[in-house]
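Right, one structure below, let's go through it.
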Amino acid sequence: MKKQIAVLLLNIAILSCNSKQTTPIIHVKYPETKTVDTIDTYFDETVKDPYRWLEDDRSAETEAWVKAQNATTFSYLKQIPFRDALKSRLSKLWNYEKISAPFTEGDYTYFFKNDGLQNQYVIYRFEKNKAQSSATVFLDPNTFSKDGTVALDDISFSKNGKILAYSISESGSDWRKILVMDVEQKTLLEDTLVNVKFTKISWYKNEGFYYSSYDKPKGSALSAKTDQHKVYYHKLGTPQDGDTLIYGGTPEQKHRYIYATVTEDNAYLAVMPSVSTSGNKLLLKDLSQPNSAWITIINNTHSDTRIIDNKGSKLFLVTNLNAPNKKVVAVNLTNPSPEHWEDVIPETEHVLSVAKSGNYLMAVYMVDALSKVKQYDYNGKLIRTLALPGLGTANGFGAKKEDTVDYFTFTNYNTPSSIFKLDLETGQTKLHWKPKIVFNSADFESKQVFFSSKDGTKIPMMITHKKGLNLNGKNPTILYGYGGFNVSLNPSFGITNAVWMEQGGILAVPNLRGGGEYGKKWHLAGTKLQKQNVFDDFIAAAEYLIANNYTSSQYLALKGGSNGGLLVGAVMTQRPELAKVALPAVGVLDMLRYHTFTAGAGWAYDYGTAQDSKEMFSYLKQYSPLHNVNSNTNYPATLIVTGDHDDRVVPAHSFKFAAELQNKQAGDLPILIRIETDAGHGAGTPVSKIIDQYADVFGFTLFNMGFEALPEFKD
């Protein structure tokens with residue numbers, strides 16, 4: 001029952017002048033998507049799943065469907081008259097040098113650098129007592145593959161800095177390989193470790209390192225369930241099949257995620273087992289004693305607690321145990337249970353994150369999603385409040401104990417990230433590096449507003465656009481949201497957002513419940529049976545923008561990825577008239593089955609599962625985007641984006657949602673799905689693919705808002 005639709009856009013205002021033209025009709029004929037008679041039963045209620053077959057990512061039928069959908073989508077996109085102009089502008093603005101803060105390992109100082117349009121960042125190095133201008137290439141991930149789809153994921157140096165272990169991702173998959181390199185000779189030392197997933201690489205002295213992984217699942221490596229994480233120790237020069245299992249793998253130690261880290265002084269191994277994306281146990285092992293027993297710091301997963309540092313047997317932890325906004329505590333290993341903890345940096349009204357920085361602790365507070373940084377000593381004495389360049393986000397502290405300087409980055413929505421050098425003893429900061437980019441930040445402004453959600457809760461939102469904006473309700477606007485997993489959306493510059501704003505576009509980013517901007521209570525207010533709060537917050541943000549004439553439904557696009565893709569899917573099905581365009585990317589869209597794929601069961605802390613209870617099942621079904629697409633409904637123009645190697649939120653979510661929308665769309669606006677090949681959930685995606693994707697996303701958005709041309713680009 002697929003339909004031919006005609007996208008008829010008449011009397012379209014050209015952005016660059018006041019004349020009107022008629023946009024050509026683009027006819028869309030959707031590929032046939034077969035249905036099957038799959039039915040599931042939940043608490044005596046039956047639920048049809050007609051597109052279940054699209055979950056098989058290894059089948060020839062699914063492959064053919066993907067090719068057919070992409071052919072339809074790209075046939076449509078190539079007819080957008082300004083698609084190439086957007087790609088050209090994205091490429092030009094992207095083409096500036098970008099570097100990271102320097103860091104020292106052994107005899108060398110390293111930094112990451114991208115000349116402009118390189119698909120992956122390159123690692124450079126120079127002798128630590130020489131100038132950065134003497135740096136040469138150390139490791140170039142652009143040589144890993146011709147198309148940039150093999151990406152560097154993580155790096156970890158041995159304690160003396162003479163050996164590097166680094167992980168790579170292929171085609172965007174979360175499965176990793178670990179390679180080991182001699183840093184002087186730049187040669188590989190041993191066989192590659194394979195089938196590694198969700199891991200840190202943490203060295204013990206110069207002898208070997210700890211890492212985490214799952215057993216490779218039966219069936220599809222990209223979609224089959226993985227739910228028992230294990231920690232291993234790899235001794236240099238030995239084969240992987242001889243690696244020692246350190247923690248996990250037994251019924252009493254079954255956890256979905258376990259991360260391991262060695263303290264900087266090589267004294268202790270800390271493991272943080274968890275069953276979901278929130279909450280962890282914390283155990284320590286004394287590495288100076290062979291076969292030492294585990295020391296339990298926390299034996300449940302009711303809080304988020306991690307080790308910052310240690311001084312001998314005294315640990316420093318950051319925790320939200322009995323402190324929803326987090327605090328720093330000192331723990332003596334002779335009495336490590338929480339009742340013996342001592343506050344070092346007490347909880348405040350603002351959410352705290354902490355990093356060690358030389359012999360100090362850097363406390364970064366979120367004040368309405370904006371950074372405020374305070375420097376403390378290990379006794380909890382306030383040394384100073386750092387002077388930041390403005391209102392925005394500060395990141396990057398982490399100097400080693402012997403260091404007397406540290407580096408941090410500062411950015412906001414209209415200011416590209418710059419690097420600042422901090423003297424830890426005097427507190428003096430100076431600019432270390434500023435990008436040379438053909439974007440004039442002074443032409444744009446960003447402000448924070450607060451609006452009321454459906455239940456009266458005040459929600460902050462950053463709105464960024466060109467100065468002198470005419471509030472006439474006709475400004476193309478992207479409303480971007482996330483609202484989950486304790487993730488905070490802090491102001492940061494993005495090249496794609498800059499190009500959008502150059503076209504007269506508005507970027508609006510609300511800090512929805514479910515995020516971490518106001519601590520654990522804010523997070524919990526957007527989880528499980530309170531998840532609708534997140535959607536209500538997003539809807540209220542859109543209504544605020546419309547009521548205050550920033551935009552109108554005709555010029556509004558909803559955008560989000562992953563959990564944000566769920567957000568867009570839920571809001572567009574609950575309020576299909578609210579926006580003209582919907583842009584759900586790599587979204588969690590089948591809320592009844594998400595937990596059956598890869599590590600999805602670990603998201604139950606935020607979502608709950610359909611098996612938990614009849615109440616939870618009914619609640620999930622009530623907002624699950626896939627299960628709330630209705631016939632005789634005019635849905636927004638929708639461009640769904642996913643990757644064929646996404647093994648975090650498997651592409652079946654997007655496949656099934658696209659098929660259902662295409663089948664039931666009553667209006668004339670297109671429902672398309674753009675499936676990136678050799679790409680995953682987003683991390684490590686080559687620059688060339690990102691530019692292509694955003695040219696398509698912005699082109700689709702503006703075209704369906706009625707724009708037929710773009711303004712002249714002015715550098």
Side-chain angles (χ1 to χ4, degrees), residues 94-172 176-190 192-193 196 199-203 206 209 211 236 355 395-400 403 405-409 416-421 432-436 495 682-690:
W94 213 296
N95 193 14
Y96 70 94
E97 183 184 76
K98 309 164 196 70
I99 69 170
S100 74
F103 57 96
T104 298
E105 300 285 351
D107 297 329
Y108 295 95
T109 297
Y110 297 83
F111 62 95
F112 288 83
K113 176 183 172 184
N114 191 307
D115 290 338
L117 294 175
Q118 290 174 289
N119 277 321
Q120 305 292 344
Y121 276 72
V122 178
I123 304 178
Y124 286 75
R125 74 175 180 188
F126 56 97
E127 293 182 30
K128 64 181 180 182
N129 294 320
K130 292 187 177 180
Q132 187 163 329
S133 58
S134 65
T136 58
V137 172
F138 170 65
L139 181 64
D140 184 359
N142 294 291
T143 64
F144 295 171
S145 62
K146 290 183 179 180
D147 59 1
T149 57
V150 179
L152 181 67
D153 173 59
D154 191 19
I155 62 172
S156 181
F157 288 86
S158 61
K159 298 298 182 177
N160 62 8
K162 295 186 180 299
I163 305 172
L164 169 69
Y166 64 94
S167 58
I168 61 172
S169 169
E170 297 171 310
S171 301
R176 304 289 192 251
K177 294 178 179 178
I178 297 177
L179 297 87
V180 180
M181 172 190 283
D182 179 298
V183 301
E184 282 295 338
Q185 302 301 320
K186 294 195 285 188
T187 55
L188 296 179
L189 292 176
E190 59 181 35
T192 299
L193 277 64
V196 177
T199 189
K200 295 178 181 293
I201 304 172
S202 190
W203 282 86
N206 309 300
F209 53 84
Y211 67 96
L236 288 185
N395 275 317
F397 304 98
K400 291 184 172 67
D403 293 336
V405 298
D406 204 350
Y407 296 85
F408 67 92
T409 60
S417 183
S418 295
I419 301 171
F420 291 83
K421 184 177 182 179
H432 175 73
W433 176 83
K434 182 178 180 179
K436 297 178 181 178
I495 298 169
T685 302
V687 166
S688 57
K689 285 183 179 286
I690 296 173

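The structure displayed is predicted, hence computed values, not measured ones.
- In this structure, a donor-acceptor pair under 3.5 Å is present between the side chains of Ser688 and Asn119.
- The pair Glu97-Lys436 does not count as a salt bridge, with every side-chain nitrogen at least 4.0 angstrom from each carboxylate oxygen.
- The line from CD1 of Ile155 to CG of Leu139 is 8.5 Å long, rounded to the nearest 0.5 Å.
- Under the 3.5 Å distance criterion, the side-chain polar atoms of Asn142 are left unmatched by any main-chain donor or acceptor of Gly148.
- For residues 99-112, the set of pairs meeting the side-chain hydrogen bond (donor to acceptor under 3.5 Å, both in side chains) definition, not counting sequence neighbours, comprises Thr104-Thr109, Glu105-Lys400, Tyr108-Glu184.
- When all heavy atoms of Ile495 and Lys98 are compared, the pair lying nearest together is CD1-CE, 3.8 Å.
- For Lys159, the NZ atom counts as densely surrounded, since its 6.0 Å shell holds more than 12 non-hydrogen atoms of other residues, nucleotides or ligands.
- Looking at Phe111 and Phe126, their side chains come closer than 4.5 Å, going by heavy atoms from C-beta outward.
- Tyr166 and Phe144 have parallel rings, their planes meeting at less than 30° on a 0 to 90° scale where 60° marks the start of perpendicular.
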I'd like to know whether Ser167 forms a side-chain contact (heavy atoms from CB on, under 4.5 Å) with Ile201, so could you lay out the CA-CA distance, the side-chain angles of the two residues, the decisive distance to 0.1 Å, and finally the verdict.
CA-CA 8 Å; Ser167 58; Ile201 304 172; 4.2 Å; yes

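- Within 6.0 Å of NZ in Lys434 there are 12 or fewer heavy atoms belonging to other residues, nucleotides or ligands.
- Of all heavy-atom pairs spanning Trp433 and Pro435, the tightest one is CH2-CB, 3.5 Å.
- Under the ring-ring contact (aromatic ring centres under 6.0 Å, His included) test applied with Phe420, the options Phe408, Phe397, Tyr407 reduce to a single match, Phe408.
- Contact between Asn160 and Asn206 at its shortest, heavy atoms only, is N-OD1, 2.8 Å.
- A distance of 10.0 Å separates CG in Leu188 from CG in Asp182, rounded to the nearest 0.5 Å.
- A distance-only check finds a donor-acceptor pair linking the side chain of Trp203 to the backbone of Ser156 [under 3.5 Å].
- The NE2 atom of His432 sits 5.0 Å away from atom CD1 of Ile99, with the distance rounded to the nearest 0.5 Å.
- In this structure a side-chain-to-backbone donor-acceptor pair under 3.5 Å is missing from Thr685 to Ile690.
- Of the possible polar contacts, none joining the Lys113 side chain to the Ile123 backbone as a donor-acceptor pair under 3.5 Å is found.
- With a 6.0 Å radius and a threshold of 12 heavy atoms from other residues, nucleotides or ligands, Lys177 has its NZ atom at or below the threshold.
- Residue pairs meeting the salt bridge (Lys or Arg N to Asp or Glu O under 4.0 Å) criterion with at least one member in residues 146-155, sequence neighbours excluded: Asp153-Arg176.
- By the 4.5 Å heavy-atom criterion applied to side chains, Gln132 and Tyr124 are not counted as neighbours.
- Within the 3.5 Å criterion, the main-chain N or O of Ala399 finds a donor-acceptor partner in the side chain of Asp406.
- In terms of heavy atoms, Gln120 sits closest to Pro141 at CB-CB, 3.9 Å.
- Between Leu189 and Ile163, the shortest heavy-atom distance links the atoms CD1-CG2, 3.9 Å.
- Contact check for Pro686 versus Thr149: side-chain heavy atoms found under the 4.5 Å cut-off.
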